Amino acid sequence: MSSADPAATPSPATDGRPVGINEVAAHAGVSAATVSNVLNRPERVAEGTRRRVEGAIAELDYVRNSSGSNLRSGRSDSIGLVVHDVTNPFFTEVARGVQDAAADEGRAVVLLNSDEQAAWQSRSLRLLAEQRAAGAVVMPIDDDMADLLWLRKRDTPWVVLDRGDVGEDLGCSVTVDNHAGGLAAGRHLIGLGHDRVTFVSGPLGIEQCARRLDGLRAACEEGGLDPDRAVRVVEAAQLNPRSGEQAVEEILAGGPRRRPQAAFCANDQLALGVLKGLGERGLRVPGDLSVVGYDDVDVAGLVHPGLTTVAQPKYELGRAAMRLLHSELADADHRHQRLRFEPELVVRGSTAPATTHPTL
Ligand code: RIB
């Protein structure tokens, strides 16, 4: 972008009008087709010619106008990305992966939040259809495919991310094995000798939360514990720190004799709120209670003690989803795929071996 003073004399080639591809071609001494190749298929242009054209683009401050091609195709080049809540750093990192992969293909990303609300999800997908988005990466709020089927009927391809293991006849999906994540967290805590664990969940209607709980219960069974006795569930209103802080009252209900030895939280945001709430009540982590989170967002490694958590490949999830969408947009022989990533336990200072606690 030229940093020239807007009041300066406009470039002689344009007298203030936007520079067109023909002016660039004339300036570089090549055809307009060659300029187009430099922009779209630079590998087909000899290096010397390419450099001359790139120099002309810079000198004339030429910016490609994609609206023309969009008018002809009836589609924009943009990609829609619908996440639950971009203020949660999990989604921010996923969005960065989508955006970087989209930029590799010369595409912009339109970011929308569903706030886990069906009405907002529907509205977001309708907005993308109205704006003729080329395609969408969607983190569905549940397994109801109606919105996504509606979008596909309007020839807008999509990839579902993080939830909604859709059939390969419908579209591509990228998910992480949430059961494996819960199992890893459970094995870690049971391995430390904990046999009273509170699972601090978001709304259990959220598939990821339910699957993580299943994994924790499976770890109890594997460790010879009765999951109905070893695991207690506290369902927070939302997957955010405030809800985690509010959940502490219920986690500690019943007094020291009924206090859990550990809290496994459905995501790091809840865990951060739980850490705050425990600290405000004078309880030490991990001395009085071990805490495990899920996601491994940056702040998990910055708090003290560091948060033991289950890492999800957030950035890679976003890139992989965008690459699958690009394949559907660009490859005539595209076949839908279901990619599944594995989570990984990251042990930090918020968990420690069980100490003797008052028995139940
Ligand atoms: O932190 C946001 C959570 O919502 C993540 O664990 C992600 O998997 C989604 O379930």
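Predicted model, so just to flag it, every value in this text is computed and none were measured. Note that ligands are numbered from 1 as they come in the structure, with each ligand's atoms numbered from 1 the same way. Just so you know, these numbers use all the heavy atoms, side chains as well, and skip hydrogens, waters and symmetry mates.
- Here the rule is side chain to side chain contact (heavy atoms under 4.5 Å, CB included) with V109, and of V98, D100, V137 only V98 fits it.
- Residue contacts with ligand 1, taken as heavy atom pairs separated by less than 4.0 Å, do not involve R211 at all.
- Nearest protein neighbour of atom 2 (C) of ligand 1, counting heavy atoms only, is N88 ND2, 3.2 Å.
- The shell of residues lying under 4.0 angstrom from ligand 1, judged by heavy atoms, includes Q312.
- A salt bridge does not link R323 to E105: none of the charged side-chain nitrogens sits closer than 4.0 Å to a carboxylate oxygen.
- In terms of N/O distances under 3.5 Å, ligand 1 is not approached by H84.
- Residue-to-ligand polar distances place N267 within reach of ligand 1: an N/O pair is separated by less than 3.5 Å.
- Of all protein heavy atoms, the one lying nearest to atom 5 (C) of ligand 1 is D295 OD1, 3.2 Å.
- Of all atoms in ligand 1, listed by their number and element, those nearer than 4.0 Å to a heavy atom of F91 are 2 (C), 4 (O).
- Within the 4.0 Å heavy-atom shell around ligand 1 one does not find E116.
- Put simply, the residue from R348, Q312, E93 that forms a side chain to side chain contact (heavy atoms under 4.5 Å, CB included) with D296 is R348.
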Practice task
Report the C-alpha distance between L149 and L170 in whole Å, list the side-chain angles of each, state the deciding distance to 0.1 Å, and finish with yes or no for side chain to side chain contact (heavy atoms under 4.5 Å, CB included).
Solution key: CA-CA 8 Å; L149 293 174; L170 287 176; 3.4 Å; yes
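- Between Q208 and ligand 1, at least one N/O pair is under 3.5 Å apart.
- If you look at D162 next to ligand 1, the close heavy atoms, those under 4.0 Å, all belong to the side chain.
- Considering backbone and side-chain atoms together, Q269 places no N or O closer than 3.5 Å to any N or O of ligand 1.
- For the residue pair D147 / Q121, a side-chain donor-acceptor distance below 3.5 Å is found, with atom types taken as modelled.
- A side chain to side chain contact (heavy atoms under 4.5 Å, CB included) with V53 holds for exactly one of V30, L39, V45, N37; it is V30.
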Exercise for the section: Evaluate side chain to side chain contact (heavy atoms under 4.5 Å, CB included) for R232 paired with V234, printing each intermediate quantity in order. Expected result: CA-CA 7 Å; R232 185 167 155 255; V234 168; 4.3 Å; yes
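- Scanning the protein heavy atoms around atom 8 (O) of ligand 1, the nearest turns out to be R212 NH2, 2.8 Å.
- Atoms CD and CG, on E207 and L204 in that order, are 12.5 Å from each other to the nearest 0.5 Å.
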